[in-house]
Amino acid sequence: MIKLRRFSTFGLAAALAISGTVATALAQARSPSSAASAFEERFSRAWPNTDFSSVEIPASEILSGGPPRDGIPSIDTPQFVRLKNGKPSEWASRLRDKEPVISIEISGDARAYPLRILMWHEIVNDEVGVMPIAVTYCPLCNASIVFDRRMRGQVLDFGTTGLLRHSDLVMYDRQTESWWQQFTGSAFAGTLQGHKLKMVPSRLESFAAFRQRHPSGLVLVPEDPNSRQYGVNPYGGYDSAAAPGFLTGEVNTYPLAAMDRVVVFELDGAPAGVALDYLRSVKRVAVNDVVLEWEPGQASALDTRNIADGKDVGNVVVQKRVRNAKVDIPHQVTFAFAYRSFFPAGAIIGLQFNHGAE
């Protein structure tokens, strides 16, 4: 259960308010040996190859999401169909215009990964434009992030641990069995503890938007279309829930609701966010050299049972001015509770936006 605490002031003072969860984590971080001992006790039997000797977060923050390790199977040999003049064929023709896809383009190689597939697999290990990447999606946080899989001279393959921290997917790499936080890309347990994956620019956009931008792009299709209920949202009504599950402690998101969406990106080396309702109201926000734009046309994957029928949350583009051009930068459109769980002091532009106002 999430508890939202109200603060009478906004700005830096409110942003720096430390929740009970964060205070616990900081206290635990001062005693890494006790944290490591707790991890060893809880997880070493199921994870004998993971080095828990140096862990700086409390084991109490790790919760089981239900499925065991790889119970939500990653896609390791992805299959695609190519658009022809923007038109899909075969299985991809089932996708409707407003359906959300994670899209990426590297060296002219453009690919779309439909959330109706990622909902059931959460990780795709792929190679795009000669770059090995991991396309990841955590439904509970609505966090869609693409990572470069190269680390310390080797290419990592990622799978799901079946565990959650702050309601977010905990990944592991099969080479060292280190544990990685999907939301931040940082390893918090294992031999790679302390290392961070590089995020790769991507978009969460409608299938129609992808087809318009990349009329000959590739579209991920399932190996066995009948193995999952592709197109069905198993988290029906999650968008309108009062709060998410799988959380410990308190998270302050006021005046935003826990499930309000926030566009998260990096600004001058620090995490920053823009309230999606605010961006939708003004259509365009410029912060220093970063420009965020919103337009309608994308269905939420976490609203109705059928993903294609979800409410319109719109398409967001986040770009940075580089000389006379604008280039995409890594970002995600996540929930306020997730952003505040990992970045309690992170700024939110439009924080004063009156949630729920007509």
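Everything numeric here is computed off the predicted structure, so don't read it as measured data. We use all heavy atoms of the structure for the numbers below, so side chains are in, but hydrogens, waters and symmetry mates are not.
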Side-chain donor or acceptor of [X] paired with backbone N/O of [Y] under 3.5 Å:
| X | Y | answer |
| --- | --- | --- |
| Arg69 | Ala46 | yes |
| Ser281 | Tyr278 | yes |
| Arg42 | Ile62 | yes |
| Thr176 | Ser178 | yes |
| Asp312 | Gly297 | yes |
| Thr334 | Cys141 | yes |
| Glu105 | Ala110 | no |
| Ser93 | Ser89 | no |
| His195 | Leu192 | yes |
| Arg82 | Ser216 | yes |

Is the [atom1] atom of [X] crowded by more than 12 outside heavy atoms at less than 6.0 Å?
| X | atom1 | result |
| --- | --- | --- |
| Gln212 | CD | no |
| Lys311 | NZ | yes |
| Lys196 | NZ | no |

Got [X] and [Y] here, is their nearest side-chain heavy-atom distance under 4.5 Å?
| X | Y | answer |
| --- | --- | --- |
| Arg96 | Asp309 | yes |
| Pro132 | Arg150 | yes |
| Pro139 | Glu122 | yes |

Test Leu197 against Met151 for side-chain contact (heavy atoms from CB on, under 4.5 Å), laying out the working first. CA-CA 7 Å; Leu197 297 166; Met151 173 63 62; 4.0 Å; yes
Over-ring placement of [X] relative to [Y], 6.0 Å and 45° cut-offs:
| X | Y | result |
| --- | --- | --- |
| Arg284 | Trp294 | no |
| Arg340 | Phe335 | no |
| Arg149 | Phe158 | no |

Parallel, tilted or perpendicular, judged at 30° and 60°: which one describes the rings of [X] and [Y]?
| X | Y | result |
| --- | --- | --- |
| Phe210 | Phe207 | parallel |
| Tyr230 | His121 | parallel |
| Phe342 | Phe183 | parallel |

Step-by-step side-chain contact (heavy atoms from CB on, under 4.5 Å) determination, Val290 to Phe265: CA-CA 9 Å; Val290 176; Phe265 57 101; 3.9 Å; yes
Step through it carefully: locate the ring centre of Phe147, locate the ring centre of Trp180, and say whether they are under 6.0 Å apart. no
Ring centroid separation Tyr172 to Trp47 under 6.0 Å: yes
State which residues pass side chain to side chain donor-acceptor pair (under 3.5 Å) with Gln175; sequence neighbours excluded, sorted by chain then number. Asp157
Calculate, to the nearest 0.5 Å, the distance between atoms [atom1] and [atom2] belonging to [X] and [Y] respectively.
| X | Y | atom1 | atom2 | result |
| --- | --- | --- | --- | --- |
| Tyr235 | Met119 | OH | CE | 7.5 Å |
| Ile145 | Ile102 | CD1 | CD1 | 9.0 Å |
| Ile104 | Arg111 | CD1 | CZ | 9.5 Å |

Per side-chain contact (heavy atoms from CB on, under 4.5 Å), Leu302 is matched among Asn233, Ile307, Val313 by Asn233
Under 3.5 Å, is there a donor on one side chain and an acceptor on the other for Tyr238 and Asp303? no
Dump the intermediate steps for side-chain contact (heavy atoms from CB on, under 4.5 Å) on Val316 and Leu276, then the final yes or no. CA-CA 9 Å; Val316 174; Leu276 183 65; 3.7 Å; yes
Identify which one of Glu295, Glu293, Glu205, Gln298 satisfies the side chain to side chain donor-acceptor pair (under 3.5 Å) criterion when paired with Asn315. Gln298
